[in-house]
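Note that these values count all heavy atoms, side chains included, but never hydrogens, waters or copies made by symmetry. One-based numbering, in listed order, for ligands and for the atoms of each.
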Amino acid sequence: MKLPKGPQSPALVQMLQWIFRPMPFMAECAERYGDIFTMQLNGPVVFTCNPQALQQMLTSDTKEFTAPRDWNMVFEPMLGKNSLITVDGEVHRRQRQLLMPPLHGDRMRTYGQVINDVTEQVISQWQIDKPFCVRSAMQAITMRVIMQAVFGLYEGPRAEELETVLATMLNESSPFRVIELYFPALRQDFGPRSSWGRFIRRRQRVHQLLNEEIQERRDNPDESRTDILNLLMAARDEDGQPMTDEELRDELMTLLTAGHETTATALTWALYWIHKSPSVQEKLLAELDNLSDRSDSTSILKLPYLNAVYSETLRIYPVGMLTFPRVVKTPVSLCGYELAPGTVVLGSIYLTHQREDLYPQHQQFKPERFLERQFSPYEFLPFGGGVRRCIGMAFAQFEMKVVLAKILSSWDLALVDHRDVQPKRRGLVTGPDRSIQMVVKSQHQPKSRTLVHPQGDSHNN
Ligand code: HEM
């Protein structure tokens with residue numbers, strides 16, 4: 001059994017390339033070695049961007065492959081060892097079952113109003129002709145939304161501090177933090193000014209705040225609450241045991257971080273692309289202006305052009321470059337290579353979305369491709385697939401569409417400058433390589449409507 005070919009440079013050089021320039025490095029490997037190749041990253045790791053191979057790997061990730069916790073350990077310092085991401089097998093299956101309902105279907109749709117209100121709170125502070133940082137604004141929205149989903153109505157000093165400390169922790173994800181994650185020996189606490197020291201002190205504070213919240217709930221149980229924390233606290237395992245405080249804390253940490261940073265980045269890209277491409281902006285505004293009720297999330301969710309813009313945003317620069325690692329369980333043939341048990345395989349979402357055979361002129365932002373053709377879940381997979389497919393997929397899609405509809409139907413915005421923005425690594429995910437600034441030009445006046453209500457909502461004549 002032979003591993004697919006890959007770069008011959010020393011393992012340390014490959015690791016550094018992977019940390020500092022993961023996307024160009026993957027693209028160079030694909031160009032040279034094709035749909036499947038091996039990088040040396042603390043051991044051999046196979047990458048693939050072949051849709052058939054991805055299908056095989058993601059549809060049988062409990063049979064020929066597994067999705068084990070040991071390969072997700074880079075997430076442990078941030079999320080703990082009881083997070084959905086750092087557990088596997090039966091515990092993972094049960095936790096997913098528990099978390100699915102509040103993030104899907106009718107339960108999820110009840111957040112429509114919350115998303116609208118939170119967006120209104122943030123964007124009502126924008127002032128005409130005053131530039132703002134898109135990412136910070138989007139982060140404020142997605143953080144408050146996920147906090148409300150997780151904790152219910154959540155206000156006051158503890159909520160504010162939690163929001164601030166978490167945002168600071170996530171904004172500090174430089175490549176050096178990534179080096180610390182990949183090389184545990186470098187995780188040394190040299191005091192509050194050192195990189196790791198700062199991280200663990202902030203994490204400690206977040207843990208304290210979450211523990212206080214859990215304790216307060218235990219002291220004042222209220223069965224009528226429908227938020228995710230109440231649901232987790234009410235859950236019992238097969239022996240009738242509730243989750244421990246540490247388990248609850250790790251799960252909260254997972255939802256709060258995975259649930260806001262990714263969506264904020266995707267929204268930032270969406271606003272960038274919409275305002276970089278006048279024809280896209282025009283078509284999208286025409287579609288939104290024609291909605292009879294622009295606060296009705298069910299209609300927003302069904303808009304075809306908005307859906308195409310949302311999809312193309314997640315295609316061109318996917319926030320998650322990769323699926324979580326899968327490990328071969330029984331000998332398997334992938335793209336003509338016989339892989340032995342124990343081989344680690346990663347699905348490259350980034351490379352799959354850049355395939356010229358699937359997405360002609362793949363470097364261009366063209367939402368129309370999603371109207372002209374339907375892509376399979378192994379050709380377009382911004383949320384991964386199989387047993388570890390993103391649990392927040394429906395929630396993120398819903399939130400992104402409602403936020404975009406609200407912003408675009410309230411304000412006419414413009415980019416402060418039209419220089420290109422490229423994706424770069426931001427911790428374990430990706431994001432824009434520089435701050436994107438926008439400016440409010442005026443209140444949005446729908447073309448097909450005349451009556452505008454103070455909040456920016458409009459009605460047909
Ligand atoms: C645009 C936004 C988002 C993107 C692009 C994204 C992307 C991803 C990707 C690529 C994976 C790995 C899937 C795999 O290995 O097959 C993942 C997993 C995960 N995501 Fe997301 N995500 C987003 C939003 C969210 C939200 C809103 C939440 C929570 C409310 C969330 C929670 C999670 C969790 C907990 C996992 C791990 C699932 C498991 O191990 O079973 N994500 N996400």
Checklist entry - For ligand 1, which atoms have a heavy atom of H92 less than 4.0 angstrom away? => result 39 (C), 40 (O), 41 (O)
Next on the checklist: If the cut-off is 4.0 Å to any non-hydrogen atom of I146, which atoms of ligand 1 fall inside it?
Outcome noted: 30 (C)
Next on the checklist: Can a donor-acceptor pair be found, under 3.5 Å and without considering hydrogens, that links the side chain of E213 to the backbone of R158?
Outcome noted: no
Checklist entry - Does R69 use its side chain to pair, donor to acceptor, with the backbone of V87 at less than 3.5 Å? => result no
Close approach, [X] and ligand 1, non-hydrogen under 4.0 angstrom:
X    : answer
G385 : yes
I349 : yes
T142 : no
Q397 : no

Using every non-hydrogen atom in the two residues, find where [X] and [Y] come nearest and quote the distance to one decimal.
X    : Y    : result
Y305 : E287 : N-OE2, 2.7 Å
V122 : A137 : CG1-O, 3.9 Å
L166 : M143 : CB-CE, 3.5 Å

Checking the N or O distance criterion of under 3.5 Å, is ligand 1 in contact with [X]?
X    : value
T263 : no
R326 : yes
T323 : no

Next on the checklist: Counting only heavy atoms closer than 4.0 Å, does ligand 1 sit against the backbone of R96, its side chain, both, or neither?
Outcome noted: side chain
Checklist outcome for this item: Quick look: T265 vs ligand 1, heavy-atom contacts under 4.0 Å, and the answer is neither
Next on the checklist: If you define the side chain from C-beta out and look only at heavy atoms, does anything of Q52 sit under 4.5 Å from Y378?
Outcome noted: no
For [atom], what is the closest protein heavy atom, and at what distance to 0.1 Å?
atom                    : answer
atom 10 (C) of ligand 1 : P382 O, 3.5 Å
atom 37 (C) of ligand 1 : I85 CG1, 3.4 Å
atom 40 (O) of ligand 1 : R388 NH1, 2.9 Å
atom 15 (O) of ligand 1 : F324 N, 2.8 Å

To the nearest 0.5 Å, tell me how far [X] [atom1] sits from [Y] [atom2].
X    : Y    : atom1 : atom2 : value
L84  : C390 : CG    : SG    : 10.0 Å
Y111 : D227 : OH    : CG    : 8.0 Å
R355 : C49  : CZ    : SG    : 5.0 Å
R21  : I19  : CZ    : CD1   : 13.5 Å

Item to check | Neighbouring protein N, O or S atoms of atom 21 (Fe) of ligand 1, below 2.8 Å | outcome: 1
Next on the checklist: Quick check: Y317 with Y272 (ring centres under 6.0 Å apart)?
Outcome noted: no
Checklist entry - Can the ring centroids of F370 and F375 be said to lie less than 6.0 angstrom from one another? => result yes
Next on the checklist: What verdict does the salt bridge (Lys or Arg N to Asp or Glu O under 4.0 Å) test give for R315 and E312, after you've listed the backbone C-alpha separation in whole Å, the side-chain angles of each residue and the deciding distance to 0.1 Å?
Outcome noted: CA-CA 5 Å; R315 180 205 63 88; E312 181 68 347; 2.8 Å; yes
